[in-house]
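Contents: one structure, followed by commentary.
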Amino acid sequence: MFQHVQPYAGDPIFALVDAFHADPRPQKVNLSIGIYFDEQGRLPVLPSVQLAEQRILAEGGPKPYLAMEGDAAARREVAALLLGRDHAAIAAGRVATIQTVGSSGGLKVGADFLKAWLPGSAVWVSDPTWDNHRSMFEGSGFQVNPYPYYDAKTGGVRFDDLLATMRSLPQRSIVLLHACCHNPTGVDLSRAQWDALIPVLRERELLPYLDLAYQGFGDGIVEDAYAVRALANAGLTFFVANSFSKSMSVYGERCGALSAVCADKAEADLVMGQLRFTVRRLYSSPAIHAAKIVSHVLADADLRPLWEAELAAMRERIAAMRRALHARLVTLLPGRDFNYFLTQRGMFSYTGLSAAQVDRLREEHAVYLIRSGRICVAGLNNDNVGRTAEAMAAVIGTPG
């Protein structure tokens, strides 16, 4: 029956994690997977989440199926987190928010919805982007194309080329944009660049689809939502998928959401109905525990400030590791420009290392990162950052 099925090549990041765990060398460093680790190299359990779960257990009660769109309180808090509690779009009822199985679930629900209702559109993603973006939209039947983004020469954004491409796209093209903390490069659009891009999106009648998996890891919770709020203020219709996996350290709980900001309430109601139908065909309804975590942490007067402080501490630790890596590399390889480690934001950075140099890092120094040269800065700590910089300097400073 299934002899014709092609073997799965496996996911390169998860394969690297498996190889890391099998590596017997005691000084190994894992900078591959996009997970926040604390100074001791552990996955943190946030006190705000622990307290929320204690309250959830104390409340008790039955565990019914949630509605297809998810828990009302969680959805309300997500919309407020993205746009601000008093935003005019929320007050006008033109925001349709559903709870999803992580932001990946949100991306998939949105992709299926858009393929049903904008079947002639194609999807455009940044070059490079998170690998699964292409797979998800192709899996929904879309043609996926790249638009210019990362400039390897400057370590910045090819913004003029990006704008020129956007001006050339067919109307109703779907443009996937990283709202902050770009994965994999860590290179974000500035506010001025967003302000220049938004009129082009409006004039060309393009549909922005924002991925916001790292809100709070760039400059702050409000600051990292600039693109979302600017698009809404400009009156554009757009989608945004967001996640709490990193910001609440609840990876396996799959706490995510998808929001469609529409032209008016009537359109939002239509979109909500079809999003419900899309969810029904995929997984029927989301997880109740995930919803309760999100609603408690975001809505409780004492838990919200605690969570915000915890998130700020994670953000500041990542920034400290960027500074430490930069300082050590500058010392080891004077004359080379490593300032991109300071200007990139969030959990990821493009190192500029070649695939061959990445292989040498792994084989000779037990430092693991993916072959594009992306590192997860959150995998660094005071114990391994110096060793990592020395390994990087060794492969940069010699042919390979």
| said: Whether E205 and R172 form a salt bridge (side-chain N of Lys/Arg under 4.0 Å from carboxylate O of Asp/Glu) is what I want to check. | reply: no
| Taking T351 for the side chain and L353 for the main chain, is one N or O donor matched with an acceptor at less than 3.5 Å? | yes
| request: For Y283, look at atom OH and say whether over 12 heavy atoms of other residues, nucleotides or ligands are found less than 6.0 Å away. | output: yes
| said: For the residue pair R281 and F277, would you count it as a cation-pi contact if the rule is NZ or CZ under 6.0 angstrom from the ring centre and within 45 degrees of the ring axis? | reply: yes
| What distance separates M347 CE from L31 CG, expressed to the nearest 0.5 Å? | 11.0 Å
| Hey, does the Lys NZ or Arg CZ of K28 hover above the aromatic six-ring of Y368, less than 6.0 Å from the centre and inside 45° of the axis? | no
| note | When rounded to the nearest 0.5 Å, the distance separating CD1 of I293 from CE of M248 is 8.5 Å
| request: Give a yes or no on whether the backbone of E267 and the side-chain of D264 come within a donor-acceptor separation of less than 3.5 Å. | output: yes
| said: Between K292 and D71, does any side-chain N to carboxylate O distance fall below 4.0 Å? | reply: no
| query | How about F159 and Y149: are their ring centroids closer than 6.0 Å? | reply | no
| said: Donor-acceptor pair, distance only, cut-off 3.5 Å: does the side chain of S249 make one with the backbone of P44? | reply: yes
| request: Return yes if some donor-acceptor pair links the side-chain N/O of Y147 with the main-chain N/O of L176 below 3.5 Å, else return no. | output: yes
| request: Report yes or no: do L325 and F37 belong to one cluster of Ile/Leu/Val/Met/Phe/Trp/Tyr joined by side chain heavy-atom distances under 4.5 Å? | output: yes
| task | For side-chain contact (heavy atoms from CB on, under 4.5 Å), just list the numbers for L46 and M314, CA-CA rounded to whole Å, side-chain angles, deciding distance to a tenth of an Å, and then say yes or no. | result | CA-CA 11 Å; L46 302 189; M314 290 190 284; 4.2 Å; yes
| field | D23 CG to R362 CZ distance, which is reported to the nearest 0.5 Å | value | 10.0 Å
| Do the side chain of S173 and the main chain of P170 share a donor and acceptor less than 3.5 angstrom apart? | yes
| query | Do any N or O atoms from the side chain of Q357 and from the backbone of V395 form a donor-acceptor pair under 3.5 angstrom? | reply | yes
| message | I'd like to know if W124 and L163 are part of one continuous hydrophobic network [Ile/Leu/Val/Met/Phe/Trp/Tyr, side-chain heavy atoms within less than 4.5 Å]. | response | yes
| Worked verdict on Y214 versus H178 for ring-ring contact (aromatic ring centres under 6.0 Å, His included) | CA-CA 10 Å; Y214 304 98; H178 300 238; 8.7 Å; no
| With a 4.5 Å heavy-atom cut-off, do V175 and P208 have their side chains touching? | no
| request: Using modelled atom types only, decide if a donor and an acceptor are shared between the side chain of H133 and the backbone of T129 within a distance under 3.5 Å. | output: no
| message | Is it the case that the side chain of H87 and the backbone of A89 share a donor-acceptor pair, with hydrogens and angles ignored and the cut-off at 3.5 Å? | response | yes
| request: Give a yes or no on whether a salt bridge exists between R328 and E390, defined as a side-chain N under 4.0 angstrom from a carboxylate O. | output: yes
| task | Give, for atom CG of L207 and atom CG of L201, the distance between the pair rounded to the nearest 0.5 Å. | result | 9.5 Å
| query | What about L258 and L81, same hydrophobic cluster or not, with Ile/Leu/Val/Met/Phe/Trp/Tyr joined at side-chain heavy-atom distances under 4.5 Å? | reply | no
| field | D151 and K153 ion-paired at < 4.0 Å | value | no
| Aromatic plane relationship, W117 with F113 - under 30° parallel, 30 to 60° tilted, over 60° perpendicular | tilted
| said: Please determine whether a side-chain nitrogen of the Lys or Arg among D195 and R191 lies less than 4.0 Å from a carboxylate oxygen of the Asp or Glu. | reply: no
| Is it the case that more than 12 heavy atoms not belonging to R280 sit under 6.0 Å from its CZ atom? | no
| said: Quick check: is F239 connected to L107 through a chain of hydrophobic side chains (ILVMFWY, heavy atoms under 4.5 Å apart)? | reply: yes
| task | Provide the closest heavy-atom pair for K265 versus R94 in the form atom of the first, atom of the second, distance. | result | N-CB, 4.1 Å
| message | As an exercise, state the distance from CZ of R374 to OG of S32, rounded to the nearest 0.5 Å. | response | 7.5 Å
| task | Please check if F341 and V358 belong to a single hydrophobic cluster, counting links between Ile, Leu, Val, Met, Phe, Trp and Tyr side chain heavy atoms closer than 4.5 Å. | result | yes
| field | Validation row: L361, V29 side chains within 4.5 angstrom (heavy atoms) | value | no
| Ring centres of Y350 and Y150 under 6.0 Å apart? | yes
| request: Look only at the side chain of R387 and the backbone of Q27, and say whether a donor-acceptor pair between them is shorter than 3.5 Å. | output: yes
| field | R55/E59 salt bridge by N-O under 4.0 Å criterion | value | no
| Hey, is the main chain of N242 close enough, under 3.5 Å, to the side chain of S103 for a donor-acceptor pair? | no
| field | Geometric cation-pi criterion, K115 with F142: 6.0 Å, 45° | value | yes
